[in-house]
Amino acid sequence: MSIVFNIQAESGSARAGRLITPHGEVQTPVFMPVGTLASVKGVPQDVLEELGVEILLGNTYHLYLRPGIEQVRRMGGLHRFMAWDRAILTDSGGFQVFSLSELRKLTEEGVTFRSHLDGSSHFFSPERAMEAQIGLGADIIMAFDECTEYPAEKSRVRKSMDLTLRWAERSKKHFDEHKHEVPWGGQPSSASSENEQIPRGWAAGNDSDDQPDVRSSSPRRRSGPTQAGMIAAPPLGETQALFGIVQGGMDLELRKESAERTVEVEFPGYAIGGLSVGEPRNVTREVVEATLGHLPKDKPRYLMGVGTPEEIAEYAYLGVDMMDCVLPTRAARHGLLFTSGGKVSIKQARYAADEAPLDENCSCRVCTRYSRAYLRHLYASNEVLAQVLNTVHNLTFYLDTMRTVRDAISLGDRARLLSGGRSAPKS
């Protein structure tokens, strides 16, 4: 078994459900914080657990470069490596590779690209992207795709879409043949033996001089009953779930064709990719709504890389089950905070003597303890704590928005659902 998806309530096109993964249950619709390098910037895992995060997103491209796939694999996969026993989703690395427009070369076989870190040359194909994600061991992994640039001529979009579909078939074929090699699976990993050769390139981010001896490292105590080296493994026979990705640019006809042909490959879940690449927001919404109509209703639907609190509530209303975005964490690092009264730029001088909480309607550990004046002082002083507190608040706001949306769906309260939900004190 890979995942089980149950829809428990519906309101119009919106649905609330349960996504059961090998590492735990996820309430949907869900917002997934982005932990690019196996870390949500500035926030430790125990705090993420307290916030109620049920699933994180990791980035295959960045983890491939450092610390390297083989190092993570030898430590039991991402869950053990980062001491996180809840669900994880990894992207295929396609978006990051294709954003390196000046540093890559695309062929039918795959993509040759240069590292943004040191300029070294690397190669990703559907098969190697699957190998990497199997080695990382996330619960949900993504097919390798090409993210089409915007704007683009229809002929270019079709060529890119067709390539993504061929790569989807190759991704699934390789995954089906090797899915039991996952580090926490029921069979030994093909790289589990110390005498076996490390796949070429998998230790891409590692130099022999700075690799720790993971065999002799002692596990550190976590806050709670589990040790970092003792993350509970799923039952034998559990496998990852591979999602397909729908492309097609901003062309609704191509999106329909891409969705239908991707569904024919038969994945347990489907993602809508290739958005938030510079197109107007109204176009994003139009493409999302049109694409959803061609995806199976009984499979989870994942919208990649969007958006603001208002947008994720709107997409949930349209029938999206899973979303991720760097916005809450990136904005926090720049002093932009989301509140029930709108956005707050905490860096502004007008907050220097403001004794009020950041958001009176928020019960997070930041709003219940600190004043706007103090938060502004931390940011102006370039204190690391500013990034931590700002990120904790923004993540709370996003997570509370999704809780409100799920409650509204369950209660059939479409008016509340359409309002976007707002962070509120918990009883």
Side-chain angles (χ1 to χ4, degrees), residues 1-3 19-26 32 34-40 45 48 53-93 124 126-144 171-172 174-193 196 198-199 201-206 214-215 217 219 222 226-243 267-269 324:
M1 185 192 78
S2 56
I3 59 170
L19 177 64
I20 302 172
T21 78
H23 286 88
E25 182 178 311
V26 178
M32 302 180 288
V34 177
T36 300
L37 284 161
S39 168
V40 176
Q45 276 74 309
L48 294 173
V53 175
E54 295 176 332
I55 180 170
L56 292 175
L57 184 143
N59 186 274
T60 299
Y61 165 81
H62 288 283
L63 291 167
Y64 162 82
L65 292 177
R66 59 182 179 191
I69 302 300
E70 187 56 28
Q71 178 164 316
V72 176
R73 184 203 297 268
R74 289 187 185 277
M75 296 190 73
L78 270 180
H79 294 88
R80 283 187 62 194
F81 180 62
M82 64 182 293
W84 177 259
D85 57 8
R86 302 183 182 184
I88 299 175
L89 179 149
T90 50
D91 61 14
S92 68
F124 261 23
E127 293 78 14
R128 288 182 69 81
M130 292 303 98
E131 289 175 12
Q133 291 185 86
I134 291 171
L136 292 174
D139 300 85
I140 299 172
I141 67 177
M142 307 304 299
F144 194 54
S171 294
K172 188 172 188 297
H174 189 90
F175 174 74
D176 287 342
E177 293 171 351
H178 297 273
K179 60 185 176 183
H180 292 295
E181 296 171 10
V182 64
W184 42 261
Q187 298 181 15
S189 165
S190 61
S192 62
S193 171
E196 287 184 290
I198 296 175
W202 273 178
N206 299 326
V214 298
R215 291 167 293 173
S217 60
R222 293 181 65 198
T226 312
Q227 295 181 17
M230 299 293 290
I231 295 296
L236 294 181
E238 297 276 15
T239 62
Q240 299 167 292
L242 172 64
F243 281 21
F267 293 98
D324 77 278

Single hit among Ile140, Ile88, Ile55 for side-chain contact (heavy atoms from CB on, under 4.5 Å) with Met32:
Ile55
Suppose we screen for side-chain hydrogen bond (donor to acceptor under 3.5 Å, both in side chains). Which residues come up paired with Glu177, at least two apart in sequence or across chains?
Lys173
Show your reasoning for whether side chain to side chain contact (heavy atoms under 4.5 Å, CB included) applies to His178 and Glu131.
CA-CA 8 Å; His178 297 273; Glu131 289 175 12; over 6 Å; no
Using 30° and 60° as the class limits, which term best fits the ring planes of Trp184 and His79: parallel, tilted or perpendicular?
perpendicular
To the nearest 0.5 Å, how far apart are NE2 in His23 and CH2 in Trp84?
12.0 Å
Rounded distance [0.5 Å steps], NE2 in His174 versus CZ in Arg128
9.5 Å
Atom CD in Glu70, atom CZ in Arg74: separation rounded to 0.5 Å?
4.5 Å
Is the closest side-chain heavy-atom distance between Ile3 and Leu19 below 4.5 Å?
yes
Between Leu242 and Phe267, is the side chain to side chain contact (heavy atoms under 4.5 Å, CB included) condition met? List the steps.
CA-CA 6 Å; Leu242 172 64; Phe267 293 98; 3.8 Å; yes
All ring-ring contact (aromatic ring centres under 6.0 Å, His included) counterparts of Phe243, not counting sequence neighbours
none
side-chain hydrogen bond (donor to acceptor under 3.5 Å, both in side chains) partners of Lys179, counting only residues at least two apart
none
For side chain to side chain contact (heavy atoms under 4.5 Å, CB included), just list the numbers for Glu238 and Thr21, CA-CA rounded to whole Å, side-chain angles, deciding distance to a tenth of an Å, and then say yes or no.
CA-CA 9 Å; Glu238 297 276 15; Thr21 78; over 6 Å; no
Show the nearest heavy-atom pair for residues Leu63 and Ala38, with the distance to one decimal.
CD2-N, 3.9 Å
Do side-chain atoms of Glu54 reach the backbone of Gly24 as a donor and acceptor pair under 3.5 angstrom?
no
Main chain of Met142, side chain of Ser92: is a donor-acceptor contact present, judged purely on distance under 3.5 Å?
no
Specify the closest pair of heavy atoms between Gly135 and Pro183, including all atoms of both residues, with the distance to one decimal.
O-CG, 3.2 Å
Nearest 0.5 angstrom please: Ile20 CD1 to Ser2 OG, how far?
11.5 Å
Name all residues meeting the side-chain hydrogen bond (donor to acceptor under 3.5 Å, both in side chains) criterion together with Thr90; count only those two or more places apart in sequence or in a different chain, and write none if there are none.
Gln133
Quick one, Leu37 and Asn59 - any side-chain contact, counting heavy atoms below 4.5 Å?
no
Could you tell me whether the side chain of Ile134 reaches within less than 4.5 Å of the side chain of Phe175, counting heavy atoms only?
yes
Listed partners of Asp324 passing side-chain hydrogen bond (donor to acceptor under 3.5 Å, both in side chains), at least two apart
Tyr302
Assess whether side chain to side chain contact (heavy atoms under 4.5 Å, CB included) is satisfied between Val182 and Thr239, documenting all intermediate values.
CA-CA 7 Å; Val182 64; Thr239 62; 5.8 Å; no
Distance check, rounded to the nearest 0.5 Å: Ile141 atom CD1 versus Gln240 atom CD?
4.5 Å
Which atoms form the tightest heavy-atom contact between Gln45 and Met82, and what is the distance?
NE2-O, 2.7 Å
